[in-house]
Protein chains: 4
Amino acid sequence: MEAAIKTRHKQNDKYRRILEAAVNVFAEQGFFQSTISQIAKVAGVADGTIYLYFKNKDDILVQIFSFKTKQVFEGFREEVDRVADPVEKLRNLVRRHLEEFQKDRSMAIVYLSETHQTSRRAEEQIREMSKLYLDLISEIVEQGQADGCVRKDLYLGLVRRFIIGAVDEVINTWLHSDGTYDLTSMADPLVDLFIQGIGSADATE
Amino acid sequence: MEAAIKTRHKQNDKYRRILEAAVNVFAEQGFFQSTISQIAKVAGVADGTIYLYFKNKDDILVQIFSFKTKQVFEGFREEVDRVADPVEKLRNLVRRHLEEFQKDRSMAIVYLSETHQTSRRAEEQIREMSKLYLDLISEIVEQGQADGCVRKDLYLGLVRRFIIGAVDEVINTWLHSDGTYDLTSMADPLVDLFIQGIGSADATE
Amino acid sequence: MEAAIKTRHKQNDKYRRILEAAVNVFAEQGFFQSTISQIAKVAGVADGTIYLYFKNKDDILVQIFSFKTKQVFEGFREEVDRVADPVEKLRNLVRRHLEEFQKDRSMAIVYLSETHQTSRRAEEQIREMSKLYLDLISEIVEQGQADGCVRKDLYLGLVRRFIIGAVDEVINTWLHSDGTYDLTSMADPLVDLFIQGIGSADATE
Amino acid sequence: MEAAIKTRHKQNDKYRRILEAAVNVFAEQGFFQSTISQIAKVAGVADGTIYLYFKNKDDILVQIFSFKTKQVFEGFREEVDRVADPVEKLRNLVRRHLEEFQKDRSMAIVYLSETHQTSRRAEEQIREMSKLYLDLISEIVEQGQADGCVRKDLYLGLVRRFIIGAVDEVINTWLHSDGTYDLTSMADPLVDLFIQGIGSADATE
DNA sequence: GATGAATGAGAATTCATTCAT
DNA sequence: AATGAATGAATTCTCATTCAT
């Protein structure tokens with residue numbers, strides 16, 4: 001039945017409307033303080049209708065991640081493939097990441113909030129996205145090492161957290177500042193920090 | 001009245017027990033899925049007793065931040081002051097940060113979860129801690145610039161997010177891995193990344 | 001939203017059933033000793049259902065006054081208009097008053113109890129009903145004065161309290177006597193007292 | 001033990017202070033919305049102390065009636081005995097009644113509220129006071145009838161409610177009007193209404 | 001498919017009362 | 001006698017979910 005729901009409805013207009021409404025409501029109030037009624041009202045459907053498209057409240061969040069947020073992450077792949085140079089790849093990835101999250105503030109809020117929980121409702125989806133992202137970085141770094149523009153004495157697992165953590169925090173800070181400065185402009189300086197660090201070249205041990 | 005509560009009870013054994021119980025329960029289940037009854041049971045007191053020490057459920061979280069977590073952050077300051085060299089300062093700060101969060105896993109969970117929410121219940125306390133931390137980093141970076149071991153062409157605001165974000169993410173990944181590897185061991189490689197970045201020295205543009 | 005509730009439900013069977021149940025439960029136990037669960041059980045609905053029709057417990061009482069009791073008071077007007085003679089009007093008013101309260105003992109209890117509180121939950125509704133009643137009496141008295149059957153040296157404000165107080169007390173006494181004598185039979189003797197007082201005609205100073 | 005409490009404490013200063021505090025708190029908030037803590041705070045004693053002087057919360061109300069309010073009613077007797085003329089007696093009674101209630105507004109509120117409840121916590125005490133008062137009126141009326149200044153065709157039971165109801169309502173109205181006009185001034189006009197009614201002498205049927 | 005009224009389990013909070021000090 | 005911390009029963013209200021229409 002669950003499978004039936006998914007195949008039947010995914011293209012449907014109402015499915016989209018509910019999903020969109022849910023992201024916005026969750027972003028505004030947080031998952032637990034949001035009610036099905038609020039989402040229904042924003043989506044312009046009846047409360048009961050939501051249960052034709054989603055198994056339960058948790059499932060809405062799961063689908064936000066498996067359908068909406070995942071799409072965004074899939075876009076990252078092409079961004080990386082568009083160029084050959086590893087540093088350029090990284091720059092494109094980070095820029096696109098910031099762009100997408102700037103474009104959809106609500107998704108950014110829901111994403112950051114949910115990924116920093118220990119008991120995640122969309123655990124599986126987050127793992128998948130996380131793997132997607134981490135694989136991209138691995139690829140870039142490894143290619144960089146082959147090209148000689150990236151150091152070889154790196155613990156790859158750490159590099160990935162280092163990069164994703166910094167990006168997430170830049171987004172998080174942006175979300176908490178009312179002043180809506182341009183998030184994308186952070187891409188280049190940030191990548192610069194990833195590559196060069198903060199140390200002065202000559203001071204390098 | 002609230003003031004009365006605070007002064008009367010802060011030294012009290014029960015206050016501590018409830019606070020400790022709450023951190024653990026919140027860490028395990030998340031704030032909204034935790035109930036006062038669970039906390040009371042873990043603390044070994046009656047439900048009503050909690051309201052002798054805390055105004056309401058939100059207030060428990062606020063006090064966790066203003067009393068327990070803040071203490072940890074205040075310890076960072078001395079860690080930085082213990083040494084003179086800026087890089088050493090940074091290394092100490094990051095190590096201590098990882099140490100403390102490894103020591104108190106529940107606090108780490110609650111901290112990461114709450115700081116990545118947009119409507120935070122302990123907003124004020126988080127701001128305060130955040131400022132504390134960011135000021136430390138600013139100091140270190142600026143001293144590093146004066147000493148010549150840190151680049152001058154840096155946007156300080158970004159550097160701070162870059163560092164704190166990476167640290168947080170290293171902790172977050174550790175929290176989500178059951179295998180409890182040693183978090184502290186990440187300090188040195190991480191600081192190395194902060195200083196040198198991932199680029200090879202000669203490839204620097 | 002509150003408006004929505006009212007228009008959607010006022011005709012509804014369940015609205016009436018809950019209202020009726022509430023009057024009876026309040027009458028039996030008093031407002032504060034009555035619980036939503038009791039009312040729900042008597043009304044034959046679930047606890048939560050009550051909140052589809054009423055904002056909260058207080059609102060039930062408010063609606064009892066603005067919907068149920070007010071209806072009764074509006075009936076008084078036609079009773080007075082049915083006859084021309086002022087004394088006859090007063091007699092009709094008092095008789096109808098006693099009749100209605102005898103007919104609905106629970107409402108009588110709730111009415112008397114609530115009107116003799118200083119912090120009334122249905123303050124506005126009571127004021128409105130009170131004005132309705134007092135205006136009727138004013139009219140009657142003034143017409144009586146014009147007709148010559150009522151004294152002119154009267155402080156109208158006091159006359160109104162004098163009448164309404166006596167009527168209320170007759171009802172109150174009836175409510176407290178288990179023996180359920182006929183309340184209506186008090187109408188004529190009472191009006192007689194209003195008109196003639198207890199003094200003997202010749203003894204009048 | 002209860003008896004012990006009573007004899008031991010009635011003269012005690014703390015007993016009085018708690019009783020006084022309770023009347024004021026009950027008057028301000030109503031019995032059910034008042035808490036033992038509030039009363040204790042106003043009385044300047046600890047919560048637990050109240051239970052040295054009173055069996056429970058209900059008992060405080062009972063003692064207010066059996067100790068404080070009853071005193072007031074006992075004063076009515078001497079007021080009536082001071083003069084010989086029945087009309088004068090009634091005038092004194094009503095005046096004193098209004099005086100006392102004006103003097104102690106809180107008591108007036110508690111008295112009116114409690115006497116108009118059906119499930120009274122101080123039922124017995126109220127009955128006693130009620131009997132006291134009604135007996136006074138009976139006496140006056142009967143003496144008036146013997147003297148010839150009061151009509152003989154009266155239903156005594158009704159006359160008593162007629163008088164007490166009017167007096168209570170005059171007080172009730174005064175309590176609900178912020179403007180604190182002089183309640184005592186109502187005594188003479190009110191008694192005049194009791195004696196003469198509102199009818200014009202010649203219009204008497 | 002769509003609706004939204006109805007449900008009732010569940011949770012936060014209050015407060016009369018007790019009792020160790 | 002006096003205290004006030006501790007208790008836990010009791011109550012209001014919310015909201016995810018169901019189901020008859």
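First the proteins, then the strands, lettered A, B, ... as listed; each starts at 1.
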* Asked: How would you list all residue pairs meeting salt bridge (charged side-chain N to carboxylate O under 4.0 Å, His left out) that involve residues 60-71 of chain C, not counting sequence neighbours?
  -> C:Glu20-C:Lys68, C:Lys68-C:Asp104, C:Lys70-C:Glu128

* State whether a side-chain donor-acceptor pair under 3.5 Å links B:Gln63 with B:Asp59. => yes

* Asked: Roughly, in whole Å, what's the span from CD1 in C:Ile60 to C1' in F:dT12?
  -> 11 Å

* **Length of the CG-C1' vector between D:Leu61 and E:dA16, whole Å** => 15 Å

* Asked: In whole angstroms, how far is the C1' atom of F:dT12 from the CZ atom of C:Arg121?
  -> 15 Å

* C:Tyr15 OH to E:dA6 P: how many Å, rounded? -> 14 Å

* Using side-chain contact (heavy atoms from CB on, under 4.5 Å) as the criterion, list what pairs up with A:Arg17, not counting sequence neighbours. => A:Asp13, A:Lys14, A:Val45

* Asked: Hey, is the side chain of C:Lys14 poking within less than 4.0 Å of OP1 or OP2 on E:dA5, counting only N and O atoms?
  -> no

* Structure fact -> In whole angstroms, the gap separating P of E:dT14 from CD1 of B:Ile50 amounts to 13 Å

* For B:Glu123, all residues meeting side-chain contact (heavy atoms from CB on, under 4.5 Å), sequence neighbours excluded -> B:Arg120, B:Arg127

* To the nearest angstrom, how far is B:Leu52 atom CG from F:dG8 atom C1'? -> 12 Å

* Asked: For the pair made of CG in C:Asp13 and P in E:dA5, what is the distance, rounded to whole Å?
  -> 15 Å

* Which residues share a side chain to side chain donor-acceptor pair (under 3.5 Å) with B:Gln125, sequence neighbours left out -> none

* **Closest listed nucleotide, where the reference is the side chain of A:Thr49 and the choices are F:dA1, E:dT7, E:dT3** => E:dT3

* To do: Decide if the gap between the ring center of C:Phe32 and the ring center of D:Phe31 is smaller than 6.0 angstrom.
  => no

* Structure fact -> Sequence neighbours excluded, the answer for side-chain contact (heavy atoms from CB on, under 4.5 Å) partners of B:Ser37 is B:Thr35, B:Asp47

* Asked: In whole Å, what is the span from the CD1 atom of B:Ile18 to the C1' atom of F:dA6?
  -> 10 Å

* To do: Output yes when at least one side-chain N/O atom of C:Tyr53 is less than 4.0 Å from OP1 or OP2 of E:dA6, else no.
  => yes

Filtered N/O pairs between nucleotides 9-13 of chain E and protein, under 3.5 Å:
unit_1 : atom_1 : unit_2  : atom_2 : d
E:dA12 : OP1    : B:Lys57 : NZ     : 3.4
E:dA12 : OP2    : B:Ile36 : N      : 3.2
E:dT13 : OP2    : B:Tyr51 : OH     : 2.7
E:dT13 : OP2    : B:Lys57 : N      : 3.1

* Go through E:dT3, F:dA6, F:dG8 for me and flag the one nearest to the B:Ala46 side chain. => F:dG8

* To do: Pull out every stem in DNA chain E, meaning runs of 3 or more consecutive Watson-Crick or G-U wobble pairs with both distances under 3.5 Å.
  => E:2-21 with F:2-21

* Under the side chain to side chain donor-acceptor pair (under 3.5 Å) test, which residues partner D:Gln29, sequence neighbours left out? -> D:Gln38

* With sequence neighbours excluded, tell me which residues meet side-chain contact (heavy atoms from CB on, under 4.5 Å) with A:Arg105. => A:Ile109, A:Trp174, A:Leu175

